[in-house]
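Here the structure comes first, spelled out in structure tokens, and everything after it is commentary.
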Amino acid sequence: MTGRILALIDGNSFYCSCERVFDPKLATRPVIVLSNNDGCAVARTSEAKALGIRMGEPFFKIRDLCRDEGVAVFSSNYTLYGDMSARMNAIYRDWSPDVEVYSIDESFLDLTGFGRRDLDAYARDLRSTVRQWTGIPTCVGIGPTKTLAKLANHVAKKNGELGGVCDLSDERTRSAWLDRIEVGEVWGIGGASEAKLVAIGVRTAGDLSRLDPRLARKMMTVVGERTVHELRGISCMPLEHVPPQRKGCAVTRSFGTPVTTLAGMLEAVAAYATRAGEKLRRHGLETAHLAVFMHTSEFNPRDRPYSAATTVHLPEASNDTLDLVRAAQRGARAIWRDGFRYAKAGIVMNDLIPTGRAPRPLFDARDREQSDALMTAMDVVNARFGRGTIVPAAAGIKREWQTKFEMRSPRYTTRVAEIPRVSAG
DNA sequence: TCTGGGGTCCTAGGACCC
DNA sequence: TCTGGGGTCCTAGGACCC
């Protein structure tokens, strides 16, 4: 396909920006957002980056620095970020006939046929609209392929003087930028490929674009070959309009405090199975078997290590929470060993089947109608009053193992009780 | 004391079949 | 004496993404 124009727009330090929207006092302060269990820094504003806080840095190592430097620290608030993301995508759909939501904070927009000279102004208008309507600052990268649009977005982010927009659709201006970008910054080139490429003298995105595609394939499979073509402006990756049917589904969590009793473990896997059931039903899928795993800390050398997993077959394919809980607990009992401090457990389901497509046993032991009615009722109540309003008793009340979110901001946009208050005086 | 949670795609190699 | 080859399916592991 030639003559295509794509834009990649994404939120700057997206999670941090969401927090800033609802607390203007954070506007000039460094802000970071932590991963699940308050484990690592996964989003940092430029001020936080300037303090030397790295992506993925464990929080306990930077706790003192954050206190001394006045860094605002937040647990992840996925409810809030997901809602802000939906608002941004609603705007994008007004601005392009063809939008691919690529991740929670990134979307590709098809701008083919918009007129090359007007693109820059169009992108700047879009940015300021998103900023005004949602409060989120963004950057826009423009190019003839997804890989080049991503790279243009990277350039826009790193070069403040561009004002948040970079257009690499013109071949002549493009090559100058490509020669200035390290090869590891290219979408699809991770640490392993970067090391191999640098070893043969391919150091920049420009070098990679000039690499023989056959050699790229030999070194990095067909994925690497595609990347070379995309860097040359030949599109190999179409926009995905409808998300493809998902192939697997997992619910895994680190524990807030280590689990040392079987009762605690059974509670935790029941809670994870409950969540798994919600995900399956939302996607119209079911499963005939699930894997359960548990392990001790990978990091604490004083903990005796233990890691185990097993696959449990359900009597028949199902997405009923109670079936999944039973199966998950059976698996957990089978691999449980006393005397360890468990740090994490989870359940993993592959081979998902669209609901109703699985073979039925000749004599169906389940009352399918009753099961569906109960699950639907649970999902409706939980959607209305918040996840976890109704859970199976097996998922526990005390939940000492529960993942930590000790610094989570209010769910400003999705819970009436947590809506921001404004007082005029 | 404290280190995330999801996903996808690709390839090689073995088992099995005719 | 001569001892195939091509196809499919599955799994594990690597690499990458956000």
Side-chain angles (χ1 to χ4, degrees), chain A residues 8 10-11 13-15 32-44 53-67 73-78 81-82 85 100-108 146-147 150 153-154 183-197 216-227 236-237 240 243-258 272 275-276 279 283 285 291 293 295-303 309 311 341 343-352 402-408:
Chain A
L8 178 74
D10 73 345
S13 313
F14 179 60
Y15 295 175
I32 64 171
V33 173
L34 303 178
S35 64
N36 271 359
N37 220 24
D38 295 341
C40 314
V42 292
R44 310 103 73 217
I53 298 174
R54 292 189 309 272
M55 180 67 181
E57 183 138 38
F59 179 53
F60 72 88
K61 290 188 181 170
I62 52 173
R63 193 186 301 259
D64 292 348
L65 173 77
C66 289
R67 189 197 51 223
V73 181
F74 291 91
S75 306
S76 290
N77 187 343
Y78 295 113
Y81 312 148
S85 171
E100 176 189 334
V101 179
Y102 176 68
S103 75
I104 192 167
D105 78 320
E106 287 172 89
S107 293
F108 287 101
K146 283 184 164 180
T147 303
K150 280 281 259 186
N153 179 281
H154 173 79
V183 71
E185 302 288 349
V186 175
W187 193 35
I189 303 300
S193 298
E194 181 182 21
K196 281 191 249 176
L197 288 168
R217 184 179 193 127
K218 229 169 108 184
M219 293 174 71
M220 302 173 292
T221 81
V222 64
V223 179
E225 182 184 13
R226 266 203 296 260
T227 298
C236 306
M237 305 161 77
E240 310 279 356
Q245 159 138 38
R246 65 159 64 213
K247 305 200 162 69
C249 177
V251 180
T252 72
R253 295 281 182 283
S254 298
F255 299 127
T257 49
Y272 300 169
R275 179 77 191 115
K279 287 167 85 171
H283 291 98
L285 296 167
F293 74 83
H295 60 75
T296 53
S297 170
E298 303 156 68
F299 302 102
N300 191 342
R302 290 208 305 276
D303 272 3
T311 298
R341 287 161 44 87
K344 183 172 177 176
I347 65 183
V348 180
M349 299 168 291
N350 293 313
D351 309 317
L352 303 181
Q402 186 122 40
T403 305
K404 280 190 255 183
F405 289 93
E406 288 175 350
M407 293 158 281
R408 189 170 66 190

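Every heavy atom of this structure was used, including side-chain atoms; hydrogens, water molecules and symmetry mates were not. Here is the naming used below: chain letters follow the sequence lines, and residue numbers restart at 1 for every chain.
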Taking any heavy-atom pair under 4.0 Å as a contact, classify A:Leu34: base, sugar-phosphate, or nothing. nothing
Should A:Ser254 be listed as having a side-chain N or O under 4.0 Å from OP1 or OP2 of B:dT3? no
For DNA chain C, please output the secondary structure as dot-bracket, reading 5' to 3'. Pairs are Watson-Crick or G-U wobble, both atom distances under 3.5 Å; mark crossing pairs with [ ], other-strand partners with |, unpaired with a dot. ....||||||||||||||
So which nucleotide from B:dT11, B:dG5, C:dC17 ends up closest to the side chain of A:Thr221? B:dT11
Mind running side-chain contact (heavy atoms from CB on, under 4.5 Å) on A:Met55 and A:Val42 for me, showing each step along the way? CA-CA 6 Å; A:Met55 180 67 181; A:Val42 292; 4.2 Å; yes
Length of the line joining A:Phe59:CZ and B:dT1:P, which is rounded to integer Å: 17 Å
So which nucleotide from B:dG7, B:dG4, C:dA15 ends up closest to the side chain of A:Ala192? C:dA15
Can you identify which nucleotide, out of B:dG6, B:dC10, C:dC18, has its nearest atom closest to the A:Ala250 side chain? B:dG6
Rounded to whole Å, the CZ-P distance (A:Arg217 to B:dA12) equals 10 Å
Quick one: are A:Arg54 and A:Ile62 in side-chain contact, heavy atoms under 4.5 Å? no
Separation of A:Glu106 CD from A:Leu8 CG (nearest 0.5 Å): 5.0 Å
Atom OH of A:Tyr15 and atom P of B:dG6 are separated, to the nearest Å, by 12 Å
Spacing of A:Met219 atom CE relative to C:dA15 atom P, expressed in whole Å: 12 Å
A:Arg226 atom CZ is separated from B:dT8 atom P, nearest whole Å, by 15 Å
What's A:Val186 touching, base or sugar-phosphate or nothing? Going by heavy atoms closer than 4.0 Å. sugar-phosphate
From the candidates B:dT11, C:dA15, C:dC18, the one with an atom nearest any side-chain atom of A:Val222 is B:dT11
Any side-chain donor near an acceptor of the partner, A:Asn77 and A:Ser75, under 3.5 Å: no
Sub-4.5 Å side-chain heavy-atom contact between A:Val183 and A:Ser193: no
Whole-Å C1' distance, C:dG4 and B:dC16: 15 Å
Using only side-chain N and O atoms of A:Lys279, determine if any of them is under 4.0 Å from OP1 or OP2 of B:dG6. yes
Closest to the side chain of A:Arg63, out of C:dC18, B:dC2, B:dT3, is B:dC2
Is there a side-chain contact between A:Ser103 and the phosphate of C:dC17, meaning an N or O under 4.0 Å from OP1 or OP2? no
So, is A:Lys344 close to the B:dG5 phosphate, meaning a side-chain N or O under 4.0 Å from OP1 or OP2? yes
Run the salt bridge (charged side-chain N to carboxylate O under 4.0 Å, His left out) test on A:Arg44 and A:Glu57 for me, step by step, so that the C-alpha distance in whole Å, both residues' side-chain angles and the decisive distance to 0.1 Å come before the verdict. CA-CA 11 Å; A:Arg44 310 103 73 217; A:Glu57 183 138 38; over 6 Å; no
Let's see if you can work this out: which of B:dG4, B:dC9, B:dC2 has an atom nearest to the side-chain heavy atoms of A:Asn300? B:dC2
Any side-chain heavy atom of A:Trp187 sitting closer than 4.5 Å to one from A:Met237? yes
Considering only side-chain heavy atoms of A:Glu106, which listed nucleotide, B:dG5, C:dC18, B:dT8, is closest? C:dC18
Taking for each residue the nucleotide of DNA chain B with the nearest heavy atom, is it A:Thr403 or A:Phe60 whose nucleotide lies nearer the 5' end? A:Phe60
From C-beta outward on A:Arg302, which listed nucleotide comes closest to its side chain: B:dT3, B:dG5, B:dT1? B:dT1
Selected nucleotide, minimal atom distance to A:Pro58 side chain, candidates B:dC10, C:dC17, B:dT3: B:dT3
Touch class at under 4.0 angstrom, heavy-atom based, for A:Gly191 against every strand present: sugar-phosphate
Just checking A:Ser193: base, sugar-phosphate only, or nothing, at a heavy-atom cut-off of under 4.0 Å? sugar-phosphate
Send over the distance from A:Met220 CE to C:dC16 C1', rounded to a whole Å. 12 Å
Return the value, rounded to whole Å, for the distance between atom CZ of A:Arg275 and atom P of B:dG4. 20 Å
Side chain of A:Arg246 - closest among B:dG4, B:dG7, C:dC18: B:dG7
Same-atom distance (P) from B:dC17 to C:dT3, integer angstrom: 24 Å
Residues A:Lys344, A:Glu298; criterion salt bridge (charged side-chain N to carboxylate O under 4.0 Å, His left out); working and verdict: CA-CA 10 Å; A:Lys344 183 172 177 176; A:Glu298 303 156 68; 5.6 Å; no
How close or far is atom P of B:dC9 from atom NZ of A:Lys247, stated in whole angstroms? 4 Å
Would A:Asp303 and A:Arg341 pass as an ion pair if we require N to O under 4.0 Å? yes
